[in-house]
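By convention in this document, chain letters (A, B, ...) are assigned in the order of the sequence lines, proteins followed by strands, and residues within each chain are numbered from 1.
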Protein chains: 4
Amino acid sequence: MEKRKNIPSLVKDPKLIEKRREQIIEAAVDLFIKKGFHKTTTREIARASGFSIGTLYEYIESKEDVLYLVCDAIHAEVEGRLREAITFNGNALKILKLALRSFFRVMDQMSDRVLLIYQESKSLPKETLRYVLRREEEISLIFEDILRKGIADGSIGIDEKHVKLMADNIMVLGEMWVFRRWALQRHYTLEEYTEKQTALLLREISVSE
Amino acid sequence: MEKRKNIPSLVKDPKLIEKRREQIIEAAVDLFIKKGFHKTTTREIARASGFSIGTLYEYIESKEDVLYLVCDAIHAEVEGRLREAITFNGNALKILKLALRSFFRVMDQMSDRVLLIYQESKSLPKETLRYVLRREEEISLIFEDILRKGIADGSIGIDEKHVKLMADNIMVLGEMWVFRRWALQRHYTLEEYTEKQTALLLREISVSE
Amino acid sequence: MEKRKNIPSLVKDPKLIEKRREQIIEAAVDLFIKKGFHKTTTREIARASGFSIGTLYEYIESKEDVLYLVCDAIHAEVEGRLREAITFNGNALKILKLALRSFFRVMDQMSDRVLLIYQESKSLPKETLRYVLRREEEISLIFEDILRKGIADGSIGIDEKHVKLMADNIMVLGEMWVFRRWALQRHYTLEEYTEKQTALLLREISVSE
Amino acid sequence: MEKRKNIPSLVKDPKLIEKRREQIIEAAVDLFIKKGFHKTTTREIARASGFSIGTLYEYIESKEDVLYLVCDAIHAEVEGRLREAITFNGNALKILKLALRSFFRVMDQMSDRVLLIYQESKSLPKETLRYVLRREEEISLIFEDILRKGIADGSIGIDEKHVKLMADNIMVLGEMWVFRRWALQRHYTLEEYTEKQTALLLREISVSE
DNA sequence: TATGAATGAGTCTTCATTCAT
DNA sequence: CATGAATGAAGACTCATTCAT
């Protein structure tokens, strides 16, 4: 039911917890990207966070907690950046185009981090993994909302029952740029990729269709 | 230059090496899928292979070798199954449709294994990873060949310079089904996914376009 | 240039490092003498040191480090004992006699340890071995100094160019007592050995000669 | 009582045993010198011997047996070379001089092998080690014999009770050249060393004394 | 709160030895 | 006699986690 997993901490002050966990996340993201989750030691995380191993364990209960924090933070950043890029002026179709452009740009800029989630989140305990996946759905909800708005204001011509599917498709297109960047970039710039995929998508959802 | 990495073995008989390595692969694939590469121990691999830890190390030099064997075998199986499903009767367009259907089906049936490659191959030594990636290109070459044949026989209407890109796109569509199966399957059957993606692809490469 | 090899430690407190390494050395010397370096396990060293295997590795990086610590400590003890036994009263000849007596006595008392160096130091990494050998030269320098003092004060009658050689010879006589104790002790007491070898040496360096 | 340790073999033919063991010794000596006993594997010994690991174990019972064979062979060679160099013409003093020269030369030529015995023989089982040490006494007996002959023919002037000691001393001088070659060779050639040590020795045993 | 020394279960890998062929 | 595949005990070393200060 909860959106976020609660990680117990030995420290009381919530401000401090937040601050320290931000340090942990910042340090861990870099390490996980460079070396992978398993090859990164808790000592390294503590050192890169700027405090001792003992302090690290004041704010988390296990190494896996760090992975969860990292995954969650990355999702939050993707979602945050995406939301802040979307102005809700104009009709939904316009917003959708803007959202797509922003989404692809964010995925491009954060591709290391997004990749990290896909490669390492399997190491999370089953229950925790569910939290992370749910977080991803939050993002796809943004697109669902826009699509529904478009149905309402008449700027987007698809059936309600295809909304979820279409949102999924959009997510996939973003991830595709992350996963196969090495292949795709040989042929497309991000700009071209955005143009092309947007065009294809719009073809499917244009009112005239 | 070489397509395959040569893994030294202390055992001389090539037939036996092949047989034992097949045992190793079979055992390791299951374990890696279930527990991940890092959480699987060499002892578990040995036991599941049906022999002792000492014997395991007669056929490999390191745990990473097992990962390589596994990745290589999976790619080989994908490629093998795909090739055997393609009859070279009819024009290239017809073959392409068949190939797409087969490819998606193979990816669906082997999704655990394909996922395994994407989640664990990063643990391979840099040099070895290159072998694995090269292997993947082999598969995309199958589609390149078909596309070129289609240009030659006039059944496919794209420019030669887009061949590589189009083959890449096809690969991505297959992987997408693997990576986001949990999301996609809520909306599509494999059959529907195949129909839809094929239709979209063909739209881009139809002669009339 | 450096006289001692610096062995990195995960522990920060230098006092503690020193204390623990002394424990390690004390434990390891006995084990190495009794079982040899190769037949002694790191677990045994840890246990005999009074802590866990994990703690052992907080203070060393490899088993070879223990061997180095041991060799270095033995040399230090030989040199220390020798230096503290030499009073610098009287002429160099008198000092030399005293030094010889002390040296042979120290070698006798520490013969197990000295033997240990000769039998096991070959297992050190090349670079580390050089540190150990250099340490031995420190000891022979003590005799060089005395000899040079003797040349200066006229109590010892050898040419400067023979000083190094003579110091080497003295070292050999000490080691001889260690290596062939089992044979020599059948015929000589340490006292007799000292007398005899001293007499022979003095014959070669007496002023009158 | 026995001079040589009997090593059981699964093979019957004594000629073949001898031949194979010679192969083993030749291979093992080089390996032990280069890598030390512990770091040499039985597989390496077998390969360098020219046969399989299985065959190796047809002719020995354990790796330590190889070490024994090697030590014994080296002693045998030292003794053999020494004996063959000594002509029993002339008085004992003359023979002694010749023997000393030969002994030092042999020790010089075989210094790697002699060093091997001193560094590795401690790895032999206690009982076996005794065989090896006894073998060394054989060599010192050569010098005892010469000295006794010299007492008898009047060419050497020492007391019978010092014979053993003197022979020991000679052994030590030879070993010294082996152990401290790196130091001694900076000052002496083998020739000079031989001259000097012979002179010192003769001074002690000259008839006139 | 922060520290960092201590812990020890767990990991990969080696290698002497055996034995069926 | 020769071979070499199979064995598994043993070893060096790592690292997540704890807890006294």
Base, sugar-phosphate, or nothing for [X], non-hydrogen atoms under 4.0 angstrom?
X	value
C:Leu10	sugar-phosphate
B:Leu16	sugar-phosphate
B:Ser9	nothing

Exercise. Charged N to carboxylate O below 4.0 Å: is that the case for A:Arg20 and A:Glu58?
Worked result: no
Exercise. Are D:Lys122 and C:Glu120 ion-paired here, with the side-chain N under 4.0 Å from a carboxylate O?
Worked result: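 The answer is yes: the pair qualifies as a salt bridge.
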Exercise. Between B:Ile60 and D:Glu64, which is nearer to the 5' end of DNA chain E once each is assigned its nearest nucleotide?
Worked result: B:Ile60
Problem set entry | Given DNA chain E, 5'-ward residue of the pair B:Lys63 and A:Ser52, judged by closest heavy atom | A:Ser52
Nearest whole angstrom, please: distance from the [atom2] of [N] to the [atom1] of [X].
X	N	atom1	atom2	result
C:Glu44	F:dC13	CD	P	15 Å
D:Asp65	E:dT18	CG	C1'	16 Å
D:Leu56	F:dC1	CG	C1'	14 Å
D:Ile53	E:dC15	CD1	C1'	9 Å
C:Ile7	F:dC13	CD1	P	13 Å
A:Lys39	E:dC12	NZ	C1'	13 Å
D:Asp13	F:dA2	CG	C1'	14 Å
C:Phe51	F:dT18	CZ	P	23 Å

Grab the N/O contacts between the protein and nucleotides 19-21 of chain E below 3.5 Å, and write none if there aren't any.
none

What distance separates [X] [atom1] from [Y] [atom2], expressed to the nearest 0.5 Å?
X	Y	atom1	atom2	result
A:Ser123	A:Glu64	OG	CD	7.5 Å
B:Leu129	B:Glu127	CG	CD	9.5 Å
D:Tyr68	D:Ser121	OH	OG	12.5 Å
A:Leu69	A:Arg21	CG	CZ	6.0 Å

Exercise. When you match C:His38 and B:Thr55 each to their closest nucleotide on DNA chain F, which lands nearer the 5' end?
Worked result: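 Mapping each residue to its closest nucleotide by heavy atoms, the 5'-most match is B:Thr55.
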Exercise. Starting at the 5' end of DNA chain F and moving along, which residue's nearest nucleotide shows up first, C:Thr41 or B:Gly50?
Worked result: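 Taking each residue's closest nucleotide, the earlier one in sequence belongs to B:Gly50.
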For this session: Flag this pair as yes if the NZ/CZ of C:Lys63 is under 6.0 angstrom from the six-membered ring centre of C:Phe37 and inside a 45 degree cone about the axis; otherwise no.
Result: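 Yes - C:Lys63 lies over the ring of C:Phe37, closer than 6.0 Å to its centre and within 45° of its axis.
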For this session: Kindly indicate whether the side chain of A:Arg43 and the base of F:dT14 share any N or O donor-acceptor pair separated by less than 3.5 Å?
Result: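 A donor-acceptor contact between them is absent.
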Problem set entry | Pair of N/O donor and acceptor under 3.5 Å linking F:dG4 base with B:Arg20 side chain | no
Problem set entry | Side-chain donor or acceptor of D:Ser49 paired with backbone N/O of D:Phe51 under 3.5 Å | no
Exercise. Using purine N1 to pyrimidine N3 plus N6-O4 or O6-N4 for Watson-Crick, or N1-O2 and O6-N3 for G-U wobble, each under 3.5 Å, what pairs with F:dA20?
Worked result: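 Paired with E:dT3.
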Problem set entry | Base paired to E:dT14 (Watson-Crick or G-U; both N/O distances under 3.5 angstrom) |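 Partner of E:dT14: F:dA9.
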Problem set entry | Of the listed nucleotides E:dA6, F:dA12, F:dA5, the one nearest the side chain of B:Val11 |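 Nucleotide nearest to B:Val11's side chain: F:dA5.
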For this session: Between F:dT7, E:dA5, F:dC13, spot the one nearest the side chain of C:Ser62, thanks.
Result: F:dC13
Exercise. For E:dA2, does OP1 or OP2 lie under 4.0 Å from any side-chain N or O of A:Tyr59?
Worked result: yes
